[in-house]
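The next block holds one structure in the form of structure tokens; read it before the comments.
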Amino acid sequence: MLNSMVEISAWIRSIRDNGRIAFIDIQDGSFAEALQVVAESSELPRDCHNGAAVLVRGTLVKSPARGQNVELKAEQIFLLGNCPQENYPLQKKQHSLDFLRSIPHLRIRTNTFLAVARIRSFLAQAIHRFFEREQYYHIHTPIITSSDTEGTGELFSVHHKKGTSFFGTPSYLTVSGQLAAETHALALGKVYTFGPTFRAENSNTNRHLSEFWMIEAEAAFLDIGGLIELSTSMLYYVLYELYKECIEDIRLLSTLHTPELIEQIEHLLTTSYVRISYTEAIDVLKSAKRNFTFSPQWGMDIQTEHEKFLCEIHYKAPVVIYDYPRAEKAFYMRVNDDQKTVAAMDIILPYFGEIVGGSQREERYDVLLCSMKEQGINPSHYTSYLDLRRFGSVIHAGFGLGFERLVQCATGMRNIRDVIPFPRAPGLIPD
Ligand code: ATP
Ligand code: MN
């Protein structure tokens, strides 16, 4: 490419013009740093401002100045789209993420959001590559459903605008594709979905969205050990690929927002995941000489302060916790022989928290029926789910990975609303 003639259509990021020579930084979305165009001031068309779209014809040359390797020596510049400066919300100065969140249609034009968008795209494709390599089938599960998989009641209902019940039964936006994925796993063997998920939870945190994307894998003949293997190797694979291919974007984000980002990703790539049972985790927490706000007790929910202690202080590694108390968990998780715990697992990352949740599913008809009754779930709403246990049932397991949480980890963005193009969360009015 060097010393060859090129033609680039892009947007102006900044312009410095001393009346003789102009330096114009342009960005077309494909690279981390803007490309510097050098032109004679007399060659500049009128209205060449920050934000305007231009077509530049010129030669790529090695840059004599520091700060960039190459620059574009312009021969001709055409103005494609004017950008009146008076009303343009993106000025050259750094805007706060808070301000940028108020203009989602324009924030994508900043270096931060371009880098996040490229990483998001790369990770999505890497996930598909991982499952292709593992010979999983990609399936599509429905978005409108009538079941509340997680049993939490945090559902958005779907009905006709005129108020009529459209389907003749209460219907909701899906909170998880798991139940549908299980039907396919018990025929196709190994499947995954990657689709939008909706939760009407009123959690105004920097980890929760009302609409997020979830990767859910489900496989027959897989037990909890195999599931832990699968989910941790997926995380390793996608982060390693990202580190290899997108290091410039990672560097940019670490310079702009999170200085420790590169180190954190390297730590994840060089440290093995610690695997401990919930009971062991509680024992470790109990013997820690710490004043936790919630003092650790068998049966309790593991809180953020506990996760932080385990990952960041005690093990200094990502931690997989498995075999949780039965009472805390969903009806479909497989009851262990101790009758007290279920074969559920969570992956907790240092400086981040929970990223993956999964379980081996209860494949025994009688035990499943029993768990449903214990949790006050009406089995008649789950006849097809029970059918899977009546006809050719086998052990199987699956996990869910919140895609935005993965993007947060990979970009170091602290607020989940900054890793999805158009965030939906309580109080944010959809545009
Ligand atoms: P949390 O305890 O963080 O609310 P959860 O236990 O409700 O998570 P699961 O129902 O196991 O989560 O969902 C699987 C994965 O989906 C989680 O591990 C997480 O990565 C992601 N996830 C769950 N809820 C949300 C949300 N509201 N916004 C974004 N991602 C989410
Ligand atoms: Mn939740």
Side-chain angles (χ1 to χ4, degrees), residues 120 123-124 127 141 145 147-156 172-179 181-182 192-218 224 227-228 230-232 234-235 238-239 273 278 294 300-308 311 318-322 324-325 327-333 342-349 351-361 397-411 413-428:
R120 188 180 163 106
L123 286 172
I127 282 164
T141 51
T145 66
S147 60
D148 177 7
T149 313
E150 293 303 308
T152 53
E154 288 159 340
L155 301 158
F156 289 103
Y172 313 100
L173 295 180
T174 184
V175 293
S176 158
Q178 180 198 322
L179 303 190
E182 280 186 55
Y192 75 102
T193 71
F194 189 161
T197 310
F198 307 86
R199 295 196 186 173
E201 49 195 353
N202 203 358
S203 15
N204 239 318
T205 73
N206 54 14
R207 294 290 145 83
H208 290 88
L209 289 165
S210 310
E211 175 182 293
F212 63 100
W213 287 69
M214 183 141 70
I215 294 100
E216 293 180 271
E218 193 73 37
I224 182 95
L227 185 70
I228 293 173
L230 178 75
S231 49
T232 53
M234 176 197 64
L235 285 178
V238 298
L239 290 175
Y273 288 67
Y278 169 89
F294 296 88
M300 77 183 295
D301 220 10
I302 293 189
Q303 305 286 331
T304 308
E305 55 174 341
H306 306 133
E307 295 177 351
K308 280 181 122 21
C311 290
V319 174
V320 186
I321 305 178
Y322 58 89
Y324 281 85
E328 297 295 312
K329 292 290 183 182
F331 71 93
Y332 53 73
M333 298 182 175
V342 286
M345 50 87 63
D346 279 345
I347 302 182
I348 323 285
L349 300 184
Y351 307 102
F352 189 75
E354 179 187 329
I355 188 160
V356 167
S359 65
Q360 189 171 331
R361 319 304 189 188
F399 71 80
L401 161 72
F403 185 53
E404 283 72 20
R405 299 225 182 145
L406 176 67
V407 183
Q408 264 189 294
C409 250
T411 57
M413 299 304 282
R414 289 188 184 83
N415 193 325
I416 197 166
R417 297 174 190 193
D418 295 333
V419 298
I420 186 163
F422 299 94
R424 272 79 178 97
L428 278 189

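Order of appearance sets the numbers: ligands from 1, and atoms from 1 within every ligand.
Y324 and Y278 have tilted rings, their planes meeting at an angle from 30° to 60° on a 0 to 90° scale.
Residue contacts with ligand 1 for V356 involve N, CA, C or O but no side-chain atom from C-beta outward (heavy atoms, distance under 4.0 Å).
The I416 neighbourhood of ligand 1 comprises atoms 29 (C), with distances under 4.0 Å to a heavy atom of that residue. With ligand atoms numbered from 1 in the order given, ligand 1 contributes 14 (C), 15 (C) to contacts under 4.0 Å with heavy atoms of G400. Close contacts between ligand 1 and R207 involve ligand atoms 28 (N), 29 (C) [criterion: under 4.0 Å to a heavy atom]. Distances below 4.0 Å separate heavy atoms of G357 from the following atoms of ligand 1: 18 (O).
In this comparison of E201, E354, E216, R405, the heavy atom closest to atom 18 (O) of ligand 1 sits on E354. Nearest to atom 16 (O) of ligand 1 by heavy atom, out of M214, R199, E404, is M214.
Distances shorter than 4.0 angstrom do not occur between any heavy atom of T197 and any atom of ligand 1.
There is no side-chain donor-acceptor pair under 3.5 Å between Q408 and E404.
Side chain of S176 to backbone of Q178: a donor-acceptor contact under 3.5 angstrom is found.
Within the cation-pi definition used here (under 6.0 Å to the ring centroid, within 45° of the axis), R207 qualifies as a partner of F352.
Rounded to the nearest 0.5 Å, atoms CG (N206) and CE (M413) are 11.5 Å apart. Of the inter-residue distances, the one linking I355 atom CD1 with F399 atom CZ reads 10.5 Å to the nearest 0.5 angstrom.
Counting heavy atoms from C-beta outward, D301 and E328 have side chains that approach closer than 4.5 Å.
Inclusion of L209 in the set of residues having an N or O under 3.5 Å from an N or O of ligand 1 is warranted.
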